[in-house]
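For reference, the structure is listed below as structure tokens.
Quick caveat, the model's predicted, so the values are computed rather than measured. Lettering of chains follows the sequences in order, A, B, ..., and the numbering in each one begins at 1.
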There are 2 protein chains.
Amino acid sequence: MSAETLERRRESPARARILDTATRLFYAEGVHPVGIDRIIAEAGVAKATFYHHFPAKDELVRAYLEAEHGRQRAAAEMLRAASAGPREALLSLFDHLGETGAGPMFRGCPFTNAAAEYPDPAHPVRRTVAGYRRWSRELFRDLLAGCGHPDPEGTSAILMMIRDGIVVGSDLDDPDALRPLVRDAAVRVLDAPVPPA
Amino acid sequence: MSAETLERRRESPARARILDTATRLFYAEGVHPVGIDRIIAEAGVAKATFYHHFPAKDELVRAYLEAEHGRQRAAAEMLRAASAGPREALLSLFDHLGETGAGPMFRGCPFTNAAAEYPDPAHPVRRTVAGYRRWSRELFRDLLAGCGHPDPEGTSAILMMIRDGIVVGSDLDDPDALRPLVRDAAVRVLDAPVPPA
DNA sequence: ACGGTACCAGACAGATCTGTCTACGATCGG
DNA sequence: CCGATCGTAGACAGATCTGTCTGGTACCGT
């Protein structure tokens with residue numbers, strides 16, 4: 001198969017319709033409860049077309065998560081560019097997280113939600129989730145290093161805890177009660193004295 | 001139906017076998033992927049017996065979560081009793097969380113995992129999850145109030161974020177790297193100056 | 001004009017799943 | 001001894017699900 005063929009296939013409007021529909025349904029209702037039949041019906045696509053673009057449902061799940069990863073990378077890059085410095089970028093990342101979590105369509109983190117449906121850590125979907133989380137943690141770490149934090153490694157892991165807590169809590173508890181605490185939480189972790197250890 | 005009948009039914013060994021098996025399988029593999037047929041086969045119980053004790057699968061899921069809630073209540077009470085004061089109790093709760101997360105069978109929080117499989121917030125299973133989270137948050141709040149913290153309300157919500165971050169991270173990232181950071185994270189949140197707000 | 005590719009429509013196999021049902025044995029209080 | 005209850009074993013209906021396959025249409029580069 002030629003490179004142009006692969007390229008054309010990746011840009012196919014049918015493929016885009018499948019991926020858009022899957023993104024909407026997977027995020028709103030979960031992966032396993034949403035069947036292929038439903039996706040192709042709502043995308044207006046034939047079954048053969050679906051299996052032409054995606055060899056199996058799991059590959060569609062992976063593509064859904066990869067696309068989400070791409071969107072988050074772009075959003076993070078925009079926030080970083082609009083911020084005065086690394087510390088402001090970090091804090092606006094958390095503000096953004098709190099705002100997203102208070103939106104009406106928020107249903108938690110697509111990655112952790114998907115991971116909950118794939119118990120096997122060796123599964124390709126789980127590896128995709130792991131890749132996203134690695135990127136997220138490294139983003140925190142690099143911004144911390146950029147603003148001269150004495151412990152970027154450990155603090156990035158603790159910021160990751162805060163991040164997970166915001167997305168889980170915004171989904172399962174009251175997101176409006178959580179939102180005003182988001183920046184406070186990040187600042188507490190950022191400005192706390194690092195233990196001697 | 002008499003009160004004794006209900007009591008006998010609740011203590012039935014067949015019911016206990018069903019619940020134990022369901023607990024093991026639901027936690028390890030998720031709720032939807034584990035079918036009734038598999039549960040009754042591994043529990044050594046007839047199908048009619050299952051539907052005699054549980055009107056539907058969702059009720060079994062609820063019972064599984066309620067039982068887990070009970071175990072966590074007992075564990076928290078033990079830790080509280082063994083601690084010198086509320087602050088020590090709080091910190092040992094987090095230590096306990098980190099240790100559990102590093103165990104070989106750890107698969108994340110049973111409640112958030114179950115919630116990820118039930119998108120509808122009005123579903124009985126989701127209400128059960130919400131009840132557990134309310135209890136957990138109030139436990140934090142009361143311990144904070146007990147050790148004279150100036151902002152038990154907001155800080156309990158931030159500790160809840162840390163809690164969620166520990167269970168998610170222990171499942172999806174490297175639990176052994178996370179464990180030494182757990183107490184540090186809790187202390188940073190506990191001892192940070194409360195913003196003027 | 002022709003071959004390759006993309007696409008639609010839908011039947012189909014084979015394997016799930018939940019929940020109901022029949023039929024029968026064991027135990028135990030009254 | 002009798003009726004209620006608890007239990008086992010398993011067939012069954014009805015609705016899923018994934019992935020394959022057939023058949024036909026349309027475009028596009030050569």
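Pairs passing the ring-ring contact (aromatic ring centres under 6.0 Å, His included) check and including a residue from residues 79-106 of chain B, sequence neighbours excluded, read B/F94-B/F140.
Annotation: side chain to side chain contact (heavy atoms under 4.5 Å, CB included) contacts of A/H32 (sequence neighbours excluded): A/E117, A/Y118. Applying the side chain to side chain contact (heavy atoms under 4.5 Å, CB included) criterion to B/R127, with sequence neighbours excluded, gives B/A122. Partners of B/P119 by side chain to side chain contact (heavy atoms under 4.5 Å, CB included), not counting sequence neighbours, listed by chain and number: A/R107. For B/N113, there are no side chain to side chain donor-acceptor pair (under 3.5 Å) partners, not counting sequence neighbours. Partners of B/F26 by ring-ring contact (aromatic ring centres under 6.0 Å, His included), not counting sequence neighbours, listed by chain and number: B/Y64. Qualifying side chain to side chain donor-acceptor pair (under 3.5 Å) partners for A/D171, counting only residues two or more places apart in sequence or in other chains: none.
If you take CZ of A/F50 and P of C/dG10, they are 19 Å apart, rounded to a whole angstrom.
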Sugar-phosphate or base contact per nucleotide [nucleotides 7-18 of chain D; S, B, -; heavy atom under 4.0 Å]: SBBBB------B

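Scanning both residues, A/I158 and B/L181, for their nearest heavy atoms gives CD1-O, 4.2 Å.
For the segment residues 116-123 of chain B, the set of residues with a heavy atom within less than 4.0 Å of an atom of DNA chain C is empty.
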